[in-house]
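As a basis for the values below, the full set of heavy atoms in this structure was taken, side chains included, without hydrogen atoms, waters or symmetry mates. Just so it is clear: chains get the letters A, B, ... in the order the sequence lines come, proteins before strands, and each one is counted from 1.
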There are 2 protein chains.
Amino acid sequence: MLPELKVTQLRHFVWVSELKGFHAAAEKAHRTQPAISLSIRDLENKLGEGLFEKRNARTTKTELTPFGNYFLPKAKELIAHHDRIAEDMMLLSEHKTGHLRLASVPSIASRVLPDILLKFIANLPSLHVSFYDDNSDAVLKMVENQQVDFGICHLLHEQDHSDKAFTPIWEDRIGVVCPKGHPLADKQGVHWKDLRQHRLISNGTSRLLEDTEAHPLLGHSQFYVSNMISLIAMLEAGFGITTLPWYAFPKESTTLQFVPLEAPEVTRRIGIVKLNNKSLTPPAQALVDFILEQTKK
Amino acid sequence: MLPELKVTQLRHFVWVSELKGFHAAAEKAHRTQPAISLSIRDLENKLGEGLFEKRNARTTKTELTPFGNYFLPKAKELIAHHDRIAEDMMLLSEHKTGHLRLASVPSIASRVLPDILLKFIANLPSLHVSFYDDNSDAVLKMVENQQVDFGICHLLHEQDHSDKAFTPIWEDRIGVVCPKGHPLADKQGVHWKDLRQHRLISNGTSRLLEDTEAHPLLGHSQFYVSNMISLIAMLEAGFGITTLPWYAFPKESTTLQFVPLEAPEVTRRIGIVKLNNKSLTPPAQALVDFILEQTKK
DNA sequence: TCTAACAATAAGGTTTCCTTATCATGCTTC
DNA sequence: GAAGCATGATAAGGAAACCTTATTGTTAGA
């Protein structure tokens with residue numbers, strides 16, 4: 001029914017009309033003159049009307065028919081539309097642009113990602129990044145609901161997440177956090193039983209100890225603080241001690257001390273989680289690759 | 001640099017994604033399944049990214065990648081744009097639409113064109129027609145200035161209009177117009193000398209006699225009336241007689257009589273005038289063809 | 001009148017695209 | 001759980017679209 005106009009053909013048409021000649025257009029198209037002649041003729045046949053004034057009687061310069069004149073702006077628009085889309089897609093597939101959404105647990109978000117993201121977006125000025133931080137469960141939910149392209153979190157029960165692919169990256173050692181000057185502060189490592197005689201504040205990460213021999217500590221603890229800012233403030237005030245993964249420990253703290261838990265030695269593995277059956281958008285894949293590369297050494 | 005996305009390819013892509021399968025899309029495209037596979041692969045290569053989820057592991061229905069998902073609406077838009085333009089041009093080249101402007105001398109405009117135009121536009125409901133009527137000089141001017149696609153008029157000095165193409169159609173015989181019951185009214189034909197004894201009213205068409213042996217009549221005439229309505233009224237009132245071309249004579253007049261001028265026999269040829277170096281728009285060309293066909297017999 | 005410029009046409013080669021035939025894989029069904 | 005069925009990928013050959021070189025025809029200008 002409707003003819004299929006090829007973009008190449010439209011370009012030829014526009015060039016002939018703008019350069020006022022088949023030879024000039026041929027040169028621009030990196031084709032020979034007969035190729036352009038045929039291309040134009042084919043287009044004319046498809047449209048059912050001549051686009052240029054009778055070309056056998058060369059009384060004058062190559063000129064558009066009224067029909068061709070009517071067609072010209074439309075052809076230009078269509079070409080422009082095509083090019084806009086083609087360019088969009090090229091930029092996207094070269095991850096020079098687009099939209100990237102990720103979620104991360106706060107520890108990595110604050111300690112590791114800033115550096116990496118800064119480097120990553122350095123030469124991608126038009127990439128828009130949406131970033132969420134929350135605890136591991138929430139991050140997993142966002143991955144599941146496809147609210148984010150991928151998540152950075154801990155995968156507690158790996159067998160419950162067969163629909164997701166987990167790529168471990170960071171080994172996060174659990175340790176004891178206490179004020180400097182605290183009896184435990186100068187040790188190289190502590191045994192869980194050492195903690196029983198101190199006031200222990202549990203927090204969101206405490207359940208990492210659940211399946212270890214240190215689990216009795218959890219019952220022992222009177223206080224639970226979910227908010228990290230409050231937790232730090234209480235520790236600094238000498239209210240007690242807590243356990244935290246290394247990456248959740250505020251790096252530049254001058255008042256607190258991190259002492260690795262030696263027995264049991266507990267580490268959580270933090271990594272990238274994505275849905276198994278979905279591939280990532282180009283910029284998301286690029287960021288994943290970049291993170292892997294930056295943390296490989 | 002930028003790849004050339006073919007509309008056909010985009011259609012294949014949209015169909016595969018909408019029908020959720022290569023076979024279904026192949027059927028819709030009247031192609032075989034491998035053709036669609038190759039088409040899609042080619043498109044993916046051009047864009048630099050996969051559009052559908054890994055197709056080797058058929059864990060699930062054919063599904064878009066995020067990249068493909070991003071591309072889908074854009075592809076649809078581009079196809080729609082293409083089709084819109086293609087349809088526009090087809091309608092225009094089948095003169096089903098568009099704008100047609102013509103000018104005609106009043107005689108043909110009132111006596112011949114109404115019938116023809118009515119038939120012509122009968123099955124072209126969306127064709128817009130602008131119609132002007134004026135004397136031959138004005139019609140020629142409008143053709144020259146390209147205010148109209150073509151004109152219908154008399155070409156008095158053909159040699160002065162080498163830039164125009166004239167296609168004669170109607171032979172318009174000059175005659176004498178007088179009230180019924182007038183001494184001349186019952187004659188089959190009159191000689192110019194017969195007119196000298198009657199009061200002659202000249203009008204816009206009188207100069208057609210200029211280059212004939214009847215030219216002395218023009219000096220003989222005391223009255224000049226340019227407006228046709230007034231002229232008719234004066235004739236009906238028995239004010240005098242006049243000369244008119246047959247087509248300018250009001251056909252259904254019951255009070256006036258047309259008597260051909262026998263000596264000299266003067267005819268003006270009325271026809272279609274267009275610019276030589278410009279071709280007509282499709283609807284204009286169609287109307288010209290239609291007029292020629294309708295008046296051929 | 002001759003020449004240069006431009007586009008149309010002809011004939012043959014290349015590339016692109018499509019087809020048939022076949023394969024690999026997973027889902028369904030008994 | 002093996003057989004059949006459906007899906008899409010792949011291979012190879014052929015058809016169609018496309019481009020090229022060579023040539024012709026027409027017009028404009030020297």
Side-chain angles (χ1 to χ4, degrees), chain A residues 2-47 49-65 68 162-163 276-279, chain B residues 3-47 49-65 68 86 162-163 276-279:
Chain A
L2 286 181
E4 289 270 333
L5 313 176
K6 307 218 175 94
V7 177
T8 312
Q9 249 172 350
L10 299 183
R11 269 188 231 281
H12 293 166
F13 165 63
V14 171
W15 285 334
V16 171
S17 72
E18 282 184 344
L19 304 173
K20 301 199 184 311
F22 284 60
H23 280 92
E27 192 175 352
K28 182 148 196 168
H30 305 293
R31 291 287 119 88
T32 56
Q33 169 260 314
I36 304 301
S37 278
L38 294 175
S39 178
I40 298 292
R41 151 130 25 129
D42 183 52
L43 186 57
E44 289 175 330
N45 287 340
K46 283 198 251 195
L47 295 178
E49 274 284 325
L51 292 167
F52 294 97
E53 290 296 350
K54 337 189 236 312
R55 306 193 272 288
N56 40 357
R58 325 239 80 280
T59 54
T60 170
K61 273 281 172 194
T62 313
E63 219 175 327
L64 287 168
T65 59
S162 58
D163 60 331
N276 244 333
N277 57 346
K278 282 279 179 189
S279 44
Chain B
E4 289 269 332
L5 312 177
K6 305 218 176 91
V7 177
T8 311
Q9 251 173 347
L10 299 182
R11 268 188 231 282
H12 293 166
F13 165 63
V14 170
W15 285 336
V16 170
S17 72
E18 282 184 345
L19 303 173
K20 302 200 183 311
F22 284 59
H23 281 90
E27 192 175 351
K28 182 147 197 167
H30 305 294
R31 291 285 122 85
T32 55
Q33 169 261 314
I36 304 302
S37 278
L38 293 176
S39 178
I40 297 293
R41 160 155 352 149
D42 182 52
L43 185 57
E44 290 175 330
N45 287 340
K46 282 197 248 194
L47 295 178
E49 274 282 328
L51 292 166
F52 294 97
E53 289 297 349
K54 337 187 234 313
R55 306 193 271 290
N56 40 359
R58 326 240 81 278
T59 54
T60 170
K61 273 280 170 195
T62 312
E63 221 175 327
L64 287 168
T65 59
S162 58
D163 59 330
N276 242 334
N277 58 347
K278 279 281 178 187
S279 43

Engineer: It should be established whether K6(A) places a side-chain nitrogen or oxygen under 4.0 Å from OP1 or OP2 of nucleotide dA17(D).
Structural biologist: no
Engineer: Whole angstrom is fine here: how far is it from CG in L19(A) over to P in dA7(C)?
Structural biologist: 11 Å
Engineer: In whole Å, what is the span from the CD atom of E44(B) to the P atom of dG8(D)?
Structural biologist: 13 Å
Engineer: Could you tell me whether the phosphate oxygens of dA5(C), OP1 or OP2, come under 4.0 Å of any side-chain nitrogen or oxygen in H23(A)?
Structural biologist: no
Engineer: Can you pull the side-chain hydrogen bond (donor to acceptor under 3.5 Å, both in side chains) pairs that have at least one residue in residues 9-19 of chain A, sequence neighbours excluded?
Structural biologist: Q9(A)-D42(A), Q9(A)-K46(A), R11(A)-D83(A), R11(A)-E4(B), H12(A)-S39(A), E18(A)-K76(A)
Engineer: Expressed in angstrom and rounded to an integer, what is the separation of N45(B) atom CG from dC17(C) atom P?
Structural biologist: 12 Å
Engineer: Let me check something: any side-chain donor-acceptor pairs from residues 22-32 of chain A under 3.5 Å, sequence neighbours excluded? List them with distances.
Structural biologist:
none

Engineer: To the nearest Å, how far apart are E53(A) CD and dT26(D) C1'?
Structural biologist: 17 Å
Engineer: Just N and O in the side chain of K20(B): are any of them under 4.0 Å from OP1 or OP2 of dT7(D)?
Structural biologist: no
Engineer: Within this structure, what is the CD1-to-C1' distance between I36(B) and dT7(D), rounded to whole angstrom?
Structural biologist: 15 Å
Engineer: Below 3.5 Å is the cut-off: list the nitrogen or oxygen pairs between protein and nucleotides 19-21 of chain D, distance only.
Structural biologist:
from	atom 1	to	atom 2	distance (Å)
dC19(D)	OP1	R31(A)	NH1	3.2
dT20(D)	OP2	T32(A)	N	2.9
dT20(D)	OP2	T32(A)	OG1	2.7

Engineer: Taking the side chain as every heavy atom from C-beta outward, state whether V7(B) and L5(A) have any pair of such atoms under 4.5 Å apart.
Structural biologist: no
Engineer: Just the rounded figure in Å: distance from P of dG8(D) to CD of E63(B).
Structural biologist: 13 Å
Engineer: Can you name the atoms? Protein N/O to nucleotides 14-16 of chain D N/O, anything below 3.5 Å, with the distance.
Structural biologist:
none

Engineer: Would you name the heavy atoms of F13(B) and L64(B) that are closest together and state the gap between them?
Structural biologist: CE1-CD2, 3.6 Å
Engineer: Does the T65(A) side chain pair with the main chain of E53(A), one donor and one acceptor, at a distance under 3.5 Å?
Structural biologist: no
Engineer: CG of L43(A) versus C1' of dA17(D): gap in Å, rounded?
Structural biologist: 15 Å
Engineer: Could you report the tightest heavy-atom contact between A86(B) and P3(A), atom names first, then the distance?
Structural biologist: CB-O, 4.1 Å
Engineer: Would you give the length of the straight line joining atom CG of N45(B) to atom CG of L38(B), rounded to the nearest 0.5 angstrom?
Structural biologist: 10.5 Å
Engineer: Please write out the pairs of protein N or O atoms and N or O atoms of nucleotides 12-15 of chain C separated by less than 3.5 Å, giving the distance to one decimal.
Structural biologist:
none

Engineer: Rounded off to whole Å, could you give me the CZ-to-P distance for the F52(B) and dG8(D) pair?
Structural biologist: 10 Å
Engineer: What pairs with K6(A) under salt bridge (charged side-chain N to carboxylate O under 4.0 Å, His left out), at least two apart in sequence or on another chain?
Structural biologist: none
